[in-house]
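Residue numbers start from 1 in every chain, and the chains themselves are labelled A, B, ... in the order their sequence lines are given, proteins ahead of strands. These numbers come from a predicted model, not from an experiment.
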Amino acid sequence: MSELGRPLPQEFYARPADRLAPALLGTVLAVHSEQGTAMGRIVETEAYVGEEDLACHAAKGLTQRTTVLYGPAGTAYLYLIYGMYDLFNVVAAPEGVPHAVLIRAVELLQGPLNGARGDGPGRLTRALGIDRSLNGTSLLGPRLTIHPGRAPATITVTPRVGVAYAGAWADAKLRFLDADSRAVSRPSPRSIGRPG
DNA sequence: TTATCGATGGTA
DNA sequence: ACCATCGATAAA
(Lines give C-alpha, C1' and ligand atoms only; values in the text may rest on other atoms or scores of the structure.)
Protein backbone atom coordinates (compact mmCIF):
# COMPACT_ATOMS: atom_id res chain seq x y z
CA MET A 1 0.00 0.00 0.00
CA SER A 2 1.64 3.22 -1.10
CA GLU A 3 1.73 6.20 1.20
CA LEU A 4 -0.28 9.22 0.17
CA GLY A 5 0.53 12.62 1.61
CA ARG A 6 -2.18 15.05 2.54
CA PRO A 7 -4.46 16.02 -0.34
CA LEU A 8 -3.35 19.12 -2.22
CA PRO A 9 -5.10 22.15 -0.66
CA GLN A 10 -7.60 24.38 -2.40
CA GLU A 11 -4.96 27.11 -2.86
CA PHE A 12 -2.93 24.75 -5.03
CA TYR A 13 -5.63 24.82 -7.69
CA ALA A 14 -6.43 28.53 -7.58
CA ARG A 15 -4.08 29.67 -10.34
CA PRO A 16 -4.35 29.94 -14.13
CA ALA A 17 -4.69 26.57 -15.88
CA ASP A 18 -1.52 27.05 -17.90
CA ARG A 19 0.41 27.17 -14.64
CA LEU A 20 -1.59 24.49 -12.83
CA ALA A 21 -1.27 21.98 -15.70
CA PRO A 22 2.52 21.45 -15.45
CA ALA A 23 2.32 21.55 -11.63
CA LEU A 24 -0.07 18.58 -11.69
CA LEU A 25 2.45 16.36 -13.48
CA GLY A 26 3.70 13.72 -11.06
CA THR A 27 0.85 14.14 -8.59
CA VAL A 28 -1.36 11.19 -7.72
CA LEU A 29 -5.09 11.12 -8.46
CA ALA A 30 -6.96 8.91 -5.99
CA VAL A 31 -10.54 7.67 -6.36
CA HIS A 32 -12.13 6.43 -3.16
CA SER A 33 -15.16 4.11 -3.16
CA GLU A 34 -16.65 1.12 -1.41
CA GLN A 35 -14.40 -1.05 -3.59
CA GLY A 36 -11.28 0.62 -2.23
CA THR A 37 -8.96 3.23 -3.69
CA ALA A 38 -7.82 3.46 -7.31
CA MET A 39 -4.75 5.56 -7.98
CA GLY A 40 -2.76 6.91 -10.91
CA ARG A 41 0.27 9.18 -11.28
CA ILE A 42 -0.57 12.04 -13.64
CA VAL A 43 1.86 12.22 -16.58
CA GLU A 44 0.01 14.28 -19.22
CA THR A 45 -2.19 17.36 -18.93
CA GLU A 46 -3.70 20.11 -21.06
CA ALA A 47 -4.68 23.64 -20.05
CA TYR A 48 -7.95 25.28 -21.15
CA VAL A 49 -7.74 28.94 -20.36
CA GLY A 50 -11.14 30.59 -20.30
CA GLU A 51 -13.71 32.26 -22.54
CA GLU A 52 -11.15 33.63 -24.99
CA ASP A 53 -9.72 30.15 -25.59
CA LEU A 54 -11.76 28.82 -28.52
CA ALA A 55 -10.90 25.24 -27.54
CA CYS A 56 -12.26 25.73 -24.00
CA HIS A 57 -15.87 24.75 -23.38
CA ALA A 58 -16.29 28.11 -21.69
CA ALA A 59 -15.80 29.78 -25.06
CA LYS A 60 -19.59 29.33 -25.26
CA GLY A 61 -19.98 31.30 -22.07
CA LEU A 62 -21.91 30.26 -18.98
CA THR A 63 -24.26 27.40 -19.86
CA GLN A 64 -25.64 24.45 -17.93
CA ARG A 65 -22.66 22.41 -19.04
CA THR A 66 -19.97 24.96 -18.18
CA THR A 67 -21.34 25.92 -14.78
CA VAL A 68 -18.72 24.00 -12.81
CA LEU A 69 -15.95 25.70 -14.77
CA TYR A 70 -17.08 28.99 -13.25
CA GLY A 71 -17.10 27.52 -9.76
CA PRO A 72 -14.28 27.23 -7.22
CA ALA A 73 -10.88 25.77 -8.10
CA GLY A 74 -10.24 22.22 -6.97
CA THR A 75 -13.49 20.83 -8.37
CA ALA A 76 -13.84 17.92 -10.82
CA TYR A 77 -15.30 18.66 -14.27
CA LEU A 78 -16.38 15.50 -16.07
CA TYR A 79 -18.19 15.35 -19.38
CA LEU A 80 -19.08 12.85 -22.09
CA ILE A 81 -17.18 13.10 -25.37
CA TYR A 82 -18.06 11.38 -28.66
CA GLY A 83 -20.94 9.65 -26.95
CA MET A 84 -18.54 7.16 -25.38
CA TYR A 85 -15.87 8.52 -23.10
CA ASP A 86 -15.94 10.44 -19.85
CA LEU A 87 -13.10 12.97 -19.62
CA PHE A 88 -11.75 14.19 -16.30
CA ASN A 89 -10.71 17.79 -15.69
CA VAL A 90 -9.54 19.84 -12.73
CA VAL A 91 -11.17 23.26 -12.36
CA ALA A 92 -8.50 25.96 -11.98
CA ALA A 93 -8.29 29.72 -11.38
CA PRO A 94 -10.33 31.89 -9.01
CA GLU A 95 -14.09 31.48 -8.86
CA GLY A 96 -15.76 33.12 -11.85
CA VAL A 97 -12.75 32.49 -14.12
CA PRO A 98 -13.50 29.36 -16.20
CA HIS A 99 -10.14 27.61 -16.51
CA ALA A 100 -9.63 23.83 -16.45
CA VAL A 101 -6.90 21.22 -16.78
CA LEU A 102 -7.69 18.04 -18.74
CA ILE A 103 -5.95 14.95 -17.39
CA ARG A 104 -4.86 12.96 -20.47
CA ALA A 105 -2.78 10.12 -19.02
CA VAL A 106 -1.80 8.46 -15.77
CA GLU A 107 0.57 5.70 -14.75
CA LEU A 108 -1.76 3.28 -13.00
CA LEU A 109 -0.61 2.51 -9.48
CA GLN A 110 -3.63 0.68 -8.15
CA GLY A 111 -6.82 -0.40 -9.75
CA PRO A 112 -10.16 -1.04 -10.18
CA LEU A 113 -8.73 -1.09 -13.75
CA ASN A 114 -11.76 -2.31 -15.63
CA GLY A 115 -9.50 -3.88 -18.19
CA ALA A 116 -8.52 -0.38 -19.20
CA ARG A 117 -5.16 1.35 -19.47
CA GLY A 118 -4.14 4.78 -18.25
CA ASP A 119 -2.66 6.22 -21.43
CA GLY A 120 -5.49 8.36 -22.78
CA PRO A 121 -8.14 10.68 -21.35
CA GLY A 122 -10.98 8.27 -22.12
CA ARG A 123 -9.05 5.27 -20.90
CA LEU A 124 -7.92 6.58 -17.55
CA THR A 125 -11.43 7.39 -16.38
CA ARG A 126 -12.46 3.80 -17.07
CA ALA A 127 -9.32 2.44 -15.40
CA LEU A 128 -9.94 4.52 -12.27
CA GLY A 129 -13.68 3.89 -12.25
CA ILE A 130 -14.91 7.47 -12.60
CA ASP A 131 -17.61 8.93 -14.81
CA ARG A 132 -19.70 12.06 -15.25
CA SER A 133 -21.81 11.29 -12.19
CA LEU A 134 -18.83 12.79 -10.33
CA ASN A 135 -19.07 16.11 -12.18
CA GLY A 136 -18.83 18.91 -9.63
CA THR A 137 -17.20 16.76 -6.95
CA SER A 138 -14.61 18.44 -4.71
CA LEU A 139 -10.98 17.35 -5.05
CA LEU A 140 -10.50 18.00 -1.35
CA GLY A 141 -12.26 14.69 -0.70
CA PRO A 142 -13.75 12.46 0.42
CA ARG A 143 -14.56 10.92 -2.96
CA LEU A 144 -11.73 12.32 -5.06
CA THR A 145 -8.32 13.55 -3.93
CA ILE A 146 -5.00 14.53 -5.53
CA HIS A 147 -1.73 14.08 -3.64
CA PRO A 148 1.88 15.21 -3.94
CA GLY A 149 4.07 12.81 -5.93
CA ARG A 150 7.33 12.44 -7.78
CA ALA A 151 7.72 15.43 -10.09
CA PRO A 152 8.99 14.78 -13.62
CA ALA A 153 12.68 15.42 -14.35
CA THR A 154 11.78 16.89 -17.75
CA ILE A 155 8.54 18.35 -19.05
CA THR A 156 7.69 18.36 -22.76
CA VAL A 157 5.35 21.08 -24.05
CA THR A 158 3.29 20.72 -27.25
CA PRO A 159 0.02 21.96 -28.78
CA ARG A 160 -3.17 20.35 -27.51
CA VAL A 161 -4.69 17.27 -29.11
CA GLY A 162 -7.92 17.32 -31.13
CA VAL A 163 -8.53 21.07 -31.19
CA ALA A 164 -7.66 21.88 -34.82
CA TYR A 165 -10.94 23.79 -35.12
CA ALA A 166 -9.86 26.38 -32.53
CA GLY A 167 -8.19 28.80 -34.91
CA ALA A 168 -5.09 30.46 -33.48
CA TRP A 169 -5.63 28.61 -30.21
CA ALA A 170 -5.01 25.27 -31.95
CA ASP A 171 -1.30 25.98 -31.97
CA ALA A 172 -0.95 27.21 -28.39
CA LYS A 173 1.59 25.19 -26.43
CA LEU A 174 -0.72 24.14 -23.63
CA ARG A 175 -0.09 20.38 -23.44
CA PHE A 176 2.38 19.17 -20.83
CA LEU A 177 3.98 15.73 -20.57
CA ASP A 178 6.42 13.93 -18.32
CA ALA A 179 9.10 13.40 -20.98
CA ASP A 180 10.31 10.20 -19.32
CA SER A 181 6.95 8.46 -18.97
CA ARG A 182 5.90 5.84 -21.47
CA ALA A 183 2.28 6.11 -20.36
CA VAL A 184 1.50 9.27 -22.34
CA SER A 185 -1.48 9.18 -24.68
CA ARG A 186 0.45 9.42 -27.91
CA PRO A 187 4.00 9.99 -29.19
CA SER A 188 5.33 13.42 -28.43
CA PRO A 189 7.88 15.17 -30.66
CA ARG A 190 10.70 15.08 -28.14
CA SER A 191 10.11 12.10 -25.91
CA ILE A 192 9.31 9.66 -28.72
CA GLY A 193 11.65 6.79 -29.39
CA ARG A 194 13.94 4.73 -27.26
CA PRO A 195 17.63 5.17 -26.62
CA GLY A 196 19.76 2.43 -28.13
C1' DT B 1 -38.01 19.89 -32.67
C1' DT B 2 -34.08 18.90 -35.41
C1' DA B 3 -29.16 19.08 -37.16
C1' DT B 4 -24.44 19.49 -36.19
C1' DC B 5 -20.33 18.46 -33.85
C1' DG B 6 -16.95 16.96 -30.97
C1' DA B 7 -10.66 17.97 -25.46
C1' DT B 8 -11.45 9.62 -28.35
C1' DG B 9 -10.18 5.11 -29.18
C1' DG B 10 -10.65 0.71 -31.65
C1' DT B 11 -10.31 -1.43 -35.98
C1' DA B 12 -8.95 -1.78 -41.10
C1' DA C 1 -8.49 6.30 -42.68
C1' DC C 2 -13.04 5.15 -41.03
C1' DC C 3 -16.56 5.02 -37.68
C1' DA C 4 -19.29 4.01 -33.25
C1' DT C 5 -22.41 6.79 -30.27
C1' DC C 6 -24.94 10.59 -27.56
C1' DG C 7 -25.28 15.02 -24.99
C1' DA C 8 -24.86 20.00 -25.54
C1' DT C 9 -25.70 23.70 -28.37
C1' DA C 10 -27.63 26.46 -31.96
C1' DA C 11 -30.84 27.04 -35.44
C1' DA C 12 -35.60 26.77 -36.87
- [ ] Can you figure out which of C/dT9, C/dG7, B/dT8 approaches the side chain of A/R65 most closely?
- [x] C/dT9
Open item on the list: We want to know whether A/Y48 and A/E46 form a side-chain donor-acceptor pair, criterion being a heavy-atom distance below 3.5 angstrom.
Closed with: yes
Open item on the list: Using the side-chain heavy atoms of A/Y77, tell me which of these nucleotides is nearest: B/dT8, B/dG10, B/dA7.
Closed with: B/dA7
Task: Axial cation check for A/Y77 ring with A/R132, 6.0 Å and 45° limits - done: no
Open item on the list: Just the rounded figure in Å: distance from C1' of C/dG7 to CD of A/Q64.
Closed with: 11 Å
TODO: In whole angstrom, give the distance that lies between atom CG of A/L78 and atom P of B/dA7.
DONE: 15 Å
Task: NZ/NE/NH1/NH2 to OD/OE distance under 4.0 Å, A/D178 and A/R41 - done: yes
Task: Distance-only donor-acceptor test, A/H57 side-chain atoms vs C/dA8 base atoms, 3.5 Å - done: no
Task: 5' precedence on DNA chain B between A/V163 and A/R123 (nearest-nucleotide basis) - done: A/V163
Open item on the list: Using the side-chain heavy atoms of A/I81, tell me which of these nucleotides is nearest: C/dT9, B/dG10, B/dT8.
Closed with: B/dT8
Open item on the list: Measure CG/A/N135 against P/C/dG7 and give the value in whole Å, please.
Closed with: 14 Å
Open item on the list: Please tell me whether A/L20 and A/L29 are part of a single hydrophobic cluster in this structure, the criterion being side-chain heavy atoms less than 4.5 Å apart.
Closed with: yes
- [ ] Could you tell me whether the phosphate oxygens of B/dA7, OP1 or OP2, come under 4.0 Å of any side-chain nitrogen or oxygen in A/R175?
- [x] no
Task: Assigned partner base of B/dA7, Watson-Crick or wobble definition, under 3.5 Å - done: none
Open item on the list: Could you tell me how far apart A/R126 (CZ) and B/dG10 (C1') are, to the nearest whole angstrom?
Closed with: 10 Å
TODO: Report which part of the nucleic acid A/L80 touches: base, sugar-phosphate, or nothing (heavy-atom distance under 4.0 Å, all strands).
DONE: sugar-phosphate
Open item on the list: Using a heavy-atom cut-off of 4.0 Å across all strands, would you classify A/Y79 as base, sugar-phosphate, or nothing?
Closed with: base
Task: For atom CG of A/N89 and atom P of B/dT8, their distance in whole Å - done: 11 Å
Task: Distance, rounded to the nearest Å, where A/Y165 contributes OH and B/dT8 contributes P - done: 9 Å
Open item on the list: Could you tell me how far apart A/L69 (CG) and C/dA8 (P) are, to the nearest whole angstrom?
Closed with: 13 Å
Task: Under-4.0 Å salt bridge between A/D171 and A/R160 - done: no
Open item on the list: Looking at A/L177, is its backbone amide N or carbonyl O close enough to the side chain of A/S181 to form a donor-acceptor pair, meaning the two atoms are under 3.5 Å apart?
Closed with: no
- [ ] Counting Watson-Crick and G-U wobble pairs only, both distances under 3.5 Å, name the nucleotide matched with C/dT5, or none.
- [x] none
Task: A/Y48 aromatic ring stacked with six-membered ring of B/dA7, 5.5 Å and 30° - done: yes
TODO: Name the residue closer to the 5' end of DNA chain C, choosing between A/M84 and A/K60 according to the nucleotide with the nearest heavy atom.
DONE: A/M84
Open item on the list: What is the distance, to the nearest angstrom, from the CG atom on A/D86 to the P atom on B/dT8?
Closed with: 13 Å
TODO: Verify the contact: side-chain N or O of A/Y85 to OP1 or OP2 of C/dT5, cut-off strictly under 4.0 Å; return yes or no.
DONE: no
